[in-house]
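Chain letters run A, B, ... following the sequence lines, proteins first, then strands; residues in each count from 1.
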Number of protein chains: 2
Amino acid sequence: MGIIVQKFGGTSVGSPEKIGNVASRVIQEKQNGHDIVVVVSAMGKTTDHLVSLAKEITDRPNKREMDMLLTTGEQVTVALLSMALTEKGYDAISFTGWQAGIQTESVHSNARITHIDSNQVQQQLNNGKIVVVAGFQGASIEQQITTLGRGGSDTTAVALAAALKADKCDIYTDVTGVFTTDPRFIKGARKLSAISYDEMLELANLGAGVLHPRAVEFAKNYQVPLEVRSSMENERGTIIEEETSMEQNLVVRGIAFEDQVTRVSILGLPNELTTLSTIFSTLAKHSINVDIIIQSTTSRETTSISFSVKTSDLEDTIKVLEQYKQQLNYKKIESESGLSKVSIVGSGMISNPGVAAEMFDVLANKGISVKMVSTSEIKVSTVVSQEHMVQAVEALHEAFQLSKQEATV
Amino acid sequence: MGIIVQKFGGTSVGSPEKIGNVASRVIQEKQNGHDIVVVVSAMGKTTDHLVSLAKEITDRPNKREMDMLLTTGEQVTVALLSMALTEKGYDAISFTGWQAGIQTESVHSNARITHIDSNQVQQQLNNGKIVVVAGFQGASIEQQITTLGRGGSDTTAVALAAALKADKCDIYTDVTGVFTTDPRFIKGARKLSAISYDEMLELANLGAGVLHPRAVEFAKNYQVPLEVRSSMENERGTIIEEETSMEQNLVVRGIAFEDQVTRVSILGLPNELTTLSTIFSTLAKHSINVDIIIQSTTSRETTSISFSVKTSDLEDTIKVLEQYKQQLNYKKIESESGLSKVSIVGSGMISNPGVAAEMFDVLANKGISVKMVSTSEIKVSTVVSQEHMVQAVEALHEAFQLSKQEATV
């Protein structure tokens with residue numbers, strides 16, 4: 001009977017009634033004999049409300065003060081959940097991030113956790129209490145209140161699980177687990193019973209959106225077993241751990257996809273050592289997130305570089321590149337919007353050469369032309385026309401047999 | 001150019017727009033060359049909203065968790081006010097109670113401040129910043145978030161002013177100062193330019209309601225000059241300090257009154273040493289606030305005790321007394337509702353014997369019968385019928401010449 005850390009997101013705690021439901025859910029696990037730490041986010045629309053208050057005052061709120069403002073959201077939830085647990089007859093105590101010993105960098109709005117002093121939490125668990133911790137927040141060594149940025153509550157939960165040497169960390173969400181692909185678009189999508197950290201990382205980065213990549217990274221680094229499961233239904237979710245004991249036979253574990261992708265090409269660049277770094281550090285400085293990058297050298301003197309960005313970033317991208325035209329010394333810029341990215345992910349690829357080839361083959365057979373390709377050890381990403389996106393995913397889902405029921409252990 | 005601590009209550013910061021107005025008010029004083037610390041309460045209805053959330057979850061919320069919940073209210077305000085100041089071009093930084101070094105007893109919902117470590121605040125003032133501090137809250141030595149109970153933000157402001165050796169502490173409120181009596185009921189009521197701590201204490205305790213008694217006590221103990229003034233208008237308010245340099249000629253400084261008073265009499269009590277303490281410790285244990293207490297011994301063996309309570313506490317009072325009838329061993333209880341308390345306050349009374357007699361004389365001349373009397377060095381309280389209350393106050397206000405314009409210094 002060890003420690004279990006449970007995390008519930010903003011939708012799950014959206015009203016006093018829902019907080020009551022979460023309390024019942026927590027108690028269920030407590031009755032199984034575990035020590036429970038619960039990490040919660042701000043209630044439903046609270047964060048939006050706070051942001052709109054700030055906007056009424058200023059268009060460029062100070063980041064430190066935004067952290068001060070937004071962290072009240074989770075503080076409200078922890079107090080209410082602790083009350084709900086007590087009301088149902090279970091001893092509980094709530095902690096803010098700083099009270100739970102979550103120390104972060106001295107950075108606002110997107111700080112990383114540097115250290116967790118879990119003594120307070122451990123002591124209250126030893127007293128038999130259910131400990132409720134505010135997600136998304138911590139404090140710097142200078143006692144400034146900080147936030148962890150997007151997906152911060154997931155990270156809080158995983159980091160606490162690591163610090164407490166918890167048996168596992170359950171991430172309760174509005175889906176029942178991690179799917180082979182997005183079930184909202186692809187009929188054959190199937191819930192996975194298990195997936196590795198690396199596969200989850202690739203899927204998360206590719207927009208599968210269930211778990212924040214930072215939380216998965218943290219879990220991988222500290223070998224914390226995660227389970228993604230539904231806060232509404234009682235069924236098992238998807239286990240995320242180092243070695244997935246099941247489904248070893250599957251080469252491809254999941255297919256991720258996203259639309260609104262644009263390809264930008266810079267033609268006629270001088271073929272110099274610093275060309276790449278100059279371009280991408282310039283874009284990064286202007287907060288433009290570049291995804292796939294491809295370089296093709298066409299002559300000894302000049303080179304061309306293509307990369308993909310979100311379509312919403314296209315205008316800024318062009319503006320920045322034109323601003324630096326003289327410094328970068330390129331001939332011209334081309335761009336193509338209306339694209340999408342389709343990726344297959346699976347750690348089995350490492351030992352199965354030819355998976356990429358099979359993917360291209362499947363797409364070619366459907367008459368889908370591939371505009372860009374990028375590969376990693378456990379992932380192959382392709383950029384295709386947006387109108388072909390769903391068709392491509394369906395074909396790949398079928399070709400890699402992802403709809404098939406997995407073998408039970 | 002020293003430090004000024006300013007305190008703004010919940011109504012003054014009730015909306016982003018009002019917070020903007022407060023920011024302008026703060027900047028005005030900053031432009032006079034002072035270092036400014038601003039203490040604020042939760043926005044208007046925020047506390048009520050949080051309380052109602054808790055009520056949806058439980059009828060008996062844990063006090064620690066209520067503190068956790070309610071303190072988010074001021075945290076929101078400090079962040080927004082700090083943003084508003086920055087927006088107007090002034091460097092500002094917000095602090096929660098614990099960040100501002102406000103240490104309290106390890107008690108929830110009504111903790112007293114035990115110590116203030118003002119280093120953080122002082123350091124930020126030295127950096128030229130306006131420091132915005134969450135009122136009403138602190139932390140215990142065990143790092144638990146605590147609240148200071150009713151009037152807590154006033155106390156925070158005064159305590160900070162004391163710790164920082166501020167030149168003065170300005171309490172901004174919805175009235176323009178302290179009046180000779182309640183201007184909502186008595187036409188001749190006049191704003192005082194100055195009043196002593198003790199007089200203010202008596203008036204505050206007597207229901208004048210502008211400033212919390214604990215804050216006044218704190219100010220008196222640390223000799224912090226206070227000014228009660230309007231957050232809407234720019235005129236001077238009322239200075240509260242040890243020696244009022246003005247109006248020395250006034251024997252009576254103000255008249256306080258409250259209705260909904262009930263007299264309770266316990267007849268035929270055994271005349272024993274412990275009788276008084278037994279009765280009133282029993283009532284206190286049941287959270288019944290007793291105001292005036294009068295004992296009259298009618299024989300060697302028995303005694304009678306009368307006291308006044310709020311009419312809303314009458315039912316509980318009777319219930320408690322009946323419950324302890326055997327132990328207290330009294331003959332019977334009588335009560336009279338529909339009463340009010342009218343009190344005259346002034347430190348000049350100490351050196352002016354006969355003030356009480358003059359008061360009784362004024363009331364008698366108006367045909368108002370006095371049901372109870374209680375006196376202190378700077379106060380005489382009388383209990384009269386509720387229907388005579390306003391008439392009594394008016395007569396006293398006139399007799400003690402309170403409507404007269406005070407001499408300018």
Side-chain angles (χ1 to χ4, degrees), chain A residues 15-20 22-23 42-43 46 49-50 52-88 91-96 98-101 119-120 123 132 134 139 142-145, chain B residues 15-20 22-23 42-43 46 49-50 52-88 91-96 98-101 119-120 123 132 134 139 142-145:
Chain A
S15 68
E17 195 196 336
K18 284 183 166 183
I19 288 173
V22 166
M43 290 170 72
T46 305
H49 168 66
L50 293 171
S52 78
L53 280 178
K55 276 197 180 148
E56 278 189 64
I57 282 174
T58 175
D59 291 333
R60 19 163 212 182
N62 179 293
K63 282 186 179 177
R64 179 192 181 279
E65 301 302 338
M66 273 310 274
D67 282 358
M68 189 68 131
L69 182 68
L70 295 181
T71 50
T72 62
E74 299 87 40
Q75 191 173 328
V76 167
T77 320
V78 294
L80 294 176
L81 178 55
S82 174
M83 288 178 195
L85 289 164
T86 307
E87 174 70 18
K88 288 175 194 288
D91 253 10
I93 186 166
S94 70
F95 285 130
T96 62
W98 62 268
Q99 287 179 323
N119 280 337
Q120 275 292 322
Q123 201 178 311
V132 186
E142 300 86 6
Q143 299 209 308
Q144 301 297 302
I145 295 177
Chain B
S15 68
E17 195 197 336
K18 285 183 166 182
I19 288 173
V22 166
M43 291 169 72
T46 306
H49 169 66
L50 293 171
S52 78
L53 281 178
K55 277 197 179 148
E56 279 189 64
I57 282 174
T58 175
D59 291 333
R60 19 163 213 185
N62 178 292
K63 282 185 179 178
R64 178 190 181 281
E65 301 303 339
M66 273 311 274
D67 282 357
M68 189 68 132
L69 182 68
L70 295 182
T71 50
T72 63
E74 298 88 40
Q75 191 173 327
V76 166
T77 320
V78 293
L80 294 176
L81 179 55
S82 174
M83 287 177 195
L85 288 164
T86 307
E87 175 70 16
K88 288 178 194 287
D91 253 12
I93 186 166
S94 71
F95 284 131
T96 61
W98 62 267
Q99 286 179 324
N119 279 337
Q120 275 292 323
Q123 202 177 310
V132 186
E142 300 86 7
Q143 300 208 309
Q144 302 296 303
I145 295 175

Review point. Got a sec, which residues hit side chain to side chain donor-acceptor pair (under 3.5 Å) with Gln75(B), two or more places apart in sequence or on another chain?
Key: Thr71(A)
Review point. Can you name the closest pair of heavy atoms from Gly73(B) and Leu50(B) and give their distance?
Key: N-CD1, 4.2 Å
Exercise for review: Could you tell me which of Ile93(B), Asp59(B), Thr77(B), Val78(B) has the largest number of non-hydrogen atom pairs under 4.5 Å with chain A?
Suggested key: Ile93(B)
Review point. Taking the side chain from Thr72(B) and the backbone from Met68(B), do they hold a donor-acceptor pair closer than 3.5 Å?
Key: no
Exercise for review: Check whether any side-chain heavy atom of Val22(B) lies under 4.5 Å from a side-chain heavy atom of Leu81(B), and answer yes or no.
Suggested key: yes
Point to revise | Short side-chain to backbone donor-acceptor contact, Ser52(B) and His49(B), under 3.5 Å | key: yes
Check your understanding: Heavy atoms, side chains only, cut-off 4.5 Å: are Ser94(A) and Met83(A) in contact?
Key -> no
Point to revise | Between Lys88(A), Glu65(A), Glu142(A), the one whose heavy-atom pairs under 4.5 Å with chain B are most numerous | key: Glu65(A)
Revision key, fill the gap. Bottom line for Leu70(A): the part with an atom under 4.5 Å from chain B's heavy atoms is neither
**Study point:** Options Thr86(B), Asn62(B), Leu53(B), ranked by heavy-atom pairs under 4.5 Å with chain A, top entry
**Key:** Leu53(B)
Exercise for review: Tell me, out of Gln99(A), Gln144(A), Met66(A), Gln120(A), who's got the most heavy-atom pairs with chain B below 4.5 Å.
Suggested key: Gln99(A)
Exercise for review: For Asn119(A), enumerate each residue passing the side chain to side chain donor-acceptor pair (under 3.5 Å) test, keeping only those at least two apart in sequence or located in another chain.
Suggested key: Asp117(A)
Review point. Which bit of Ile19(A) is near chain B, if near means a heavy-atom gap under 4.5 Å: side chain, backbone, both or neither?
Key: side chain
**Study point:** Contacting moiety of Thr96(A), where chain B heavy atoms sit under 4.5 Å
**Key:** both
Exercise for review: Against chain A, label Ala92(B) side chain, backbone, both or neither, depending on which of its atoms sit under 4.5 Å from a heavy atom there.
Suggested key: backbone
Exercise for review: Quick one: which of Glu17(B), Arg64(B), Arg60(B) has the most heavy-atom pairs under 4.5 Å with chain A, could you say?
Suggested key: Arg64(B)
